[in-house]
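Comments concern the structure below.
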Amino acid sequence: MKKEDNFFERAYEVARRIPYGRVTTYGAIANYLGAKKSARMVGWAMNASSKDETVPAHRVVNRLGVLTGKFHFNGINLMQQLLEEEGIEVLESKVVKFKSLFWDPSSKI
DNA sequence: TGAATGACTTCGG
DNA sequence: CCCGAAGCCATTC
């Protein structure tokens with residue numbers, strides 16, 4: 001593996017750019033990368049980034065604001081816990097004010 | 001090389 | 001927003 005982690009690298013960068021207390025979607029990231037159809041790959045990249053603590057994958061959710069990847073975290077509670085730590089209300093594995101907390105990668109911080 | 005998998009998205013009902 | 005099915009792309013075996 002590792003021809004050129006460009007795809008992952010970008011996904012990581014975007015994830016790191018997510019402001020504190022904000023969240024974004026896989027599709028948004030994928031779109032920002034130039035391939036919104038590759039939203040799944042973003043998730044895949046996040047999976048690989050799971051090892052990298054510098055990548056706040058917990059701030060990345062699906063388009064409904066659901067923590068679909070919580071099961072892939074160290075613990076199912078960890079992802080939600082981290083979000084709540086940042087002041088994000090999470091109910092039933094979903095971001096309550098997701099629409100308000102949503103952050104577009106193309107948008108400037 | 002081909003088939004299978006996946007932390008998604010979109011469309012139709 | 002719930003349900004089922006199809007599509008897309010990159011990685012893996």
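Residue numbers begin at 1 in each chain, while the letters A, B, ... track the order of the sequences.
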Checklist entry - How close or far is atom P of B:dA7 from atom CG of A:L83, stated in whole angstroms? => result 18 Å
Checklist entry - According to the salt bridge (charged side-chain N to carboxylate O under 4.0 Å, His left out) rule, which pairs have a member within residues 26-39 of chain A, sequence neighbours left out? => result none
Next on the checklist: Please list all pairs meeting ring pair (Phe, Tyr, Trp, His ring centres under 6.0 Å) that have one or both residues in residues 77-105 of chain A, counting only residues at least two apart or in different chains.
Outcome noted: A:F98-A:F102
Checklist entry - Contacts to DNA chain B from residues 85-104 of chain A, heavy-atom cutoff under 4.0 Å, which residues? => result none
Next on the checklist: Side chain of A:R63, heavy atoms from C-beta onward: which of C:dT11, B:dT10, C:dC9 has the nearest atom to it?
Outcome noted: B:dT10
Item to check | Pairwise side-chain contact, A:W44 with A:F8, heavy-atom cut-off 4.5 Å (strictly under) | outcome: yes
Checklist entry - Which part of the nucleic acid, if any, lies within contact of A:F73, taking any heavy atom under 4.0 Å across all strands shown: a base, the sugar-phosphate backbone alone, or nothing? => result base
Checklist entry - Nearest-Å distance, CH2 (A:W44) to C1' (C:dC9)? => result 12 Å
Checklist entry - Got a donor-acceptor pair under 3.5 Å from the side chain of A:R40 to the base of C:dC8? => result yes
Next on the checklist: In whole Å, I'd like the distance from the CG atom of A:L33 to the P atom of B:dT9.
Outcome noted: 13 Å
Checklist outcome for this item: note: A:K51, atom NZ; B:dA7, atom C1'; distance rounded to Å ~ 15 Å
Item to check | Any donor-acceptor N/O pair, A:Y26 side chain to A:V61 backbone, under 3.5 Å | outcome: no
Please write out each protein N/O paired with an N/O of nucleotides 3-6 of chain C under 3.5 Å, distance rounded to 0.1 Å.
none

Checklist entry - Among all residues two or more places apart in sequence or in another chain, which pass the salt bridge (Lys or Arg N to Asp or Glu O under 4.0 Å) test with A:K94? => result none
Checklist entry - What residues, two or more places apart in sequence or in another chain, satisfy side-chain hydrogen bond (donor to acceptor under 3.5 Å, both in side chains) together with A:S50? => result none
Next on the checklist: Going by salt bridge (Lys or Arg N to Asp or Glu O under 4.0 Å), name the residues that satisfy it together with A:D104, two or more places apart in sequence or in a different chain.
Outcome noted: none
Checklist entry - Between atom NZ in A:K70 and atom C1' in B:dC8, what is the gap in whole Å? => result 17 Å
Item to check | Closest listed nucleotide, where the reference is the side chain of A:K37 and the choices are B:dA7, B:dT9, C:dC9 | outcome: C:dC9
Checklist entry - So what does A:A30 touch, heavy atoms closer than 4.0 Å: a base, only the sugar-phosphate, or nothing? => result nothing
Item to check | Results of side-chain hydrogen bond (donor to acceptor under 3.5 Å, both in side chains) for A:R17 - residues two or more places apart only | outcome: A:Y32
Next on the checklist: Which nucleotide wins on minimum distance to the side chain of A:F7, given the candidates B:dA7, C:dC8, C:dA10?
Outcome noted: C:dA10
Item to check | Spacing of A:L64 atom CG relative to B:dC11 atom P, expressed in whole Å | outcome: 14 Å
Item to check | Phosphate OP1/OP2 of B:dC8 contacted by A:S38 side-chain N/O (<4.0 Å) | outcome: no
Checklist entry - Expressed in angstrom and rounded to an integer, what is the separation of A:F8 atom CZ from C:dT11 atom C1'? => result 7 Å
Checklist outcome for this item: Ranking B:dA7, B:dC8, C:dT11 by distance to the side chain of A:M46, first place goes to B:dA7
Checklist entry - Just wondering, do A:E13 and A:L33 contact through their side chains at under 4.5 Å, heavy atoms? => result no
Checklist outcome for this item: So salt bridge (charged side-chain N to carboxylate O under 4.0 Å, His left out) across residues 58-85 of chain A, not counting sequence neighbours, yields A:R59-A:E86
Next on the checklist: Classify A:N62 by what it touches in the nucleic acid, base, sugar-phosphate, or nothing, heavy-atom distance under 4.0 Å.
Outcome noted: sugar-phosphate
